[in-house]
There are 2 protein chains.
Amino acid sequence: MESRIERIKKQLHSASYKLTPQREATVRVLLEHEEDHLSAEDVYLLVKEKSPEIGLATVYRTLELLTELKVVDKINFGDGVSRFDLRKEGAAHFHHHLICIECGAVEEIQDDLLEDVEKIVERDWRFKIKDHRLIFHGICWKCQEKTDINKKTD
Amino acid sequence: MESRIERIKKQLHSASYKLTPQREATVRVLLEHEEDHLSAEDVYLLVKEKSPEIGLATVYRTLELLTELKVVDKINFGDGVSRFDLRKEGAAHFHHHLICIECGAVEEIQDDLLEDVEKIVERDWRFKIKDHRLIFHGICWKCQEKTDINKKTD
DNA sequence: CTCCTTGCAAATCTTTTGCAAGTTT
DNA sequence: AAACTTGCAAAAGATTTGCAAGGAG
């Protein structure tokens, strides 16, 4: 069976790009931290652990390239940095995020919750949807429990 | 009847802030460009037209303050800048956006399309939703028509 | 050789901050 | 006077770019 990195390599090749060692190191970090919503800086630091000679600009250039090829999705949670999420293979749509405003935890929702909403938007606004971004801000269950406990003891 | 700016003034006062001339000038620009998704820089330039003595830092500080009071919502469309949208009065939730990837047009959707989705998220993920951001990227009807015409003449 | 890619440093862009001066109460 | 607010300039942080050098075909 073909590995994930092999397939990404092919995606690069079919767009006339090479999978250089630097690009491979970057992709590997993304694969190893799929759930982590890394910033460019985060990726850079992790890449550097194994390949100290790689420069920050190269990481930025690679992430830009991967975004262009839709291997990753660039997301912005409202803090000043862009974050990069590997697109799940075969995923027609980008997944959604829950951000806890108390503890900052980010949870992913893979379910496509927007099917019905998208039908409405395409019909009523005559808008051909290509991609979406859905983020909920709120309080995760862990923080809800913390608050409940505090209320009892206060 | 009470003006929009009067109500914003009260919101400021109830949080112990003043509606200084600088803040008023900034709010007025936002009111006059409700549909425009202005960046901080945009707001600054428009404010400067009428009040040239106002500094960029003050505009940033005012926008931050208004965001905190939920008079405006800070949004990020993925280009490097934050944009500021006046929150509709009485709107329980933030409105949604359609961004055309051909012409860059941004359309607003005021309808709350997410009621059902939010119920599911609150129930299945035990997540208490406080706010949301929903952006669709795609092709607006105008650009769809352009493409259709080109196909015919090609 | 030619084209692509990289590393480094410098540049750019957005946003924040320190601080002295001005305002309001 | 005490607290808040402002303008300016400097600082900070994220990202991009110029360029000379390295590497693959």
Side-chain angles (χ1 to χ4, degrees), chain A residues 8-29 37-69 71-85, chain B residues 8-30 37-69 71-84:
Chain A
I8 292 172
K9 187 173 181 177
K10 282 187 181 165
Q11 276 185 268
L12 282 164
H13 283 166
S14 60
S16 315
Y17 295 110
K18 297 163 203 160
L19 184 63
T20 63
Q22 291 89 338
R23 286 175 185 163
E24 181 167 345
T26 304
V27 170
R28 285 193 187 283
V29 162
H37 310 93
L38 302 174
S39 68
E41 183 85 27
D42 294 337
V43 174
Y44 170 63
L45 292 173
L46 288 164
V47 165
K48 252 185 126 62
E49 285 179 11
K50 294 194 177 167
S51 318
E53 71 287 357
I54 293 182
L56 177 59
T58 301
V59 171
Y60 268 100
R61 283 187 280 234
T62 301
L63 291 171
E64 190 193 3
L65 183 57
L66 295 173
T67 304
E68 204 179 285
L69 297 179
V71 172
V72 301
D73 283 291
K74 189 175 179 176
I75 40 175
N76 199 303
F77 289 156
D79 53 348
V81 292
S82 294
R83 294 171 184 283
F84 298 85
D85 251 27
Chain B
I8 292 171
K9 187 174 180 177
K10 282 188 183 165
Q11 276 186 268
L12 283 164
H13 283 168
S14 60
S16 314
Y17 295 110
K18 297 162 203 161
L19 183 63
T20 63
Q22 292 89 337
R23 287 176 183 163
E24 181 168 346
T26 304
V27 170
R28 285 194 188 283
V29 161
L30 292 171
H37 309 93
L38 303 175
S39 68
E41 184 85 27
D42 295 336
V43 174
Y44 169 64
L45 292 174
L46 288 163
V47 164
K48 252 185 124 64
E49 285 179 12
K50 295 193 176 168
S51 317
E53 71 287 355
I54 294 182
L56 178 58
T58 301
V59 171
Y60 269 99
R61 284 187 278 232
T62 301
L63 291 172
E64 190 193 2
L65 182 58
L66 294 173
T67 303
E68 202 179 286
L69 297 180
V71 171
V72 301
D73 283 292
K74 189 174 180 177
I75 40 175
N76 199 302
F77 289 155
D79 54 348
V81 291
S82 293
R83 295 171 185 283
F84 297 86

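Letters A, B, ... mirror the listed sequences (proteins, then strands); counts begin at 1. Side chains are part of it too, since the values below use all heavy atoms of this structure and drop only hydrogens, waters and symmetry mates.
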Fill in: Interface residues of residues 38-48 of chain B with DNA chain D (non-hydrogen, below 4.0 angstrom)
none
Discussion item. Between Tyr60(A) and dT16(D), is there a contact of a side-chain N or O with OP1 or OP2 at under 4.0 Å?
Written reply: no
Worksheet entry | Audit row: Leu38(B), Val29(B), side-chain contact (heavy atoms from CB on, under 4.5 Å) steps and yes/no | CA-CA 10 Å; Leu38(B) 303 175; Val29(B) 161; 4.0 Å; yes
Discussion item. Distance check needed: dA14(D) P versus Phe84(A) CZ, whole Å only.
Written reply: 13 Å
Item to complete: Using atom CD of Gln22(A) as one end and atom P of dG22(D) as the other, report the distance to the nearest whole Å.
Response: 14 Å
Worksheet item: Between dG7(D), dT5(C), dT5(D), which nucleotide has the shortest distance from any of its atoms to the side chain of Arg23(B)?
Response: dT5(D)
Item to complete: Looking only at side-chain atoms of Ile54(B), point me to the closest of dG7(D), dT6(D), dG7(C).
Response: dG7(D)
Item to complete: Hey, could you give me the CG/CZ distance between Leu63(A) and Arg23(A), rounded to the nearest 0.5 Å?
Response: 11.5 Å
Worksheet item: Between atom CG in Asp79(B) and atom P in dA14(D), what is the gap in whole Å?
Response: 18 Å
Discussion item. As an exercise, state the distance from CG of Leu19(B) to CD of Gln11(B), rounded to the nearest 0.5 Å.
Written reply: 11.0 Å
Worksheet item: Given Val71(B) and Leu12(B), is the side-chain contact (heavy atoms from CB on, under 4.5 Å) satisfied, shown in steps?
Response: CA-CA 9 Å; Val71(B) 171; Leu12(B) 283 164; over 6 Å; no
Discussion item. Could you tell me how far apart Leu65(A) (CG) and dC4(C) (P) are, to the nearest whole angstrom?
Written reply: 13 Å
Discussion item. Using OP1 and OP2 only, check whether a side-chain N or O of Thr58(A) sits under 4.0 Å from dT5(C).
Written reply: no
Practice prompt. Can you run down the side-chain hydrogen bond (donor to acceptor under 3.5 Å, both in side chains) pairs that involve residues 46-69 of chain B, sequence neighbours left out, and say none if there aren't any?
Written response: Tyr44(B)-Lys48(B)
Worksheet item: What distance separates Ile54(A) CD1 from Thr20(A) OG1, expressed to the nearest 0.5 Å?
Response: 7.5 Å
Discussion item. I need the minimum non-hydrogen distance between Leu66(B) and Val27(B), along with the two atoms involved.
Written reply: CD1-CG2, 4.0 Å
Worksheet item: With sugar-phosphate meaning primed atoms plus P, OP1 and OP2, does Glu64(A) contact a base, only sugar-phosphate, or nothing at under 4.0 Å between heavy atoms?
Response: nothing
Worksheet item: Closer than 4.0 Å, any side-chain N/O of Thr20(A) to the OP1 or OP2 of dG23(D)?
Response: no
Fill in: Nucleotide of dT15(C), dT6(C), dC8(D) approaching Ser82(B) most closely (side-chain heavy atoms)
dT15(C)
Discussion item. What is the distance, to the nearest angstrom, from the CG atom on Asn76(A) to the C1' atom on dT15(D)?
Written reply: 13 Å
Item to complete: Give, for atom CG of Leu30(B) and atom CD1 of Ile8(B), the distance between the pair rounded to the nearest 0.5 Å.
Response: 8.0 Å
Worksheet item: Between atom CD1 of Ile75(B) and atom CZ of Arg83(B), what is the distance when rounded to the nearest 0.5 Å?
Response: 8.0 Å
Worksheet item: What nucleotide, of dT6(D), dA14(D), dT15(C), holds the atom closest to the side chain of Leu56(B)?
Response: dT15(C)
Worksheet item: Reading nucleotides 19-25 of chain C 5' to 3', which nucleotides get B (base under 4.0 Å from a protein heavy atom), which S (sugar-phosphate only), which -?
Response: -------
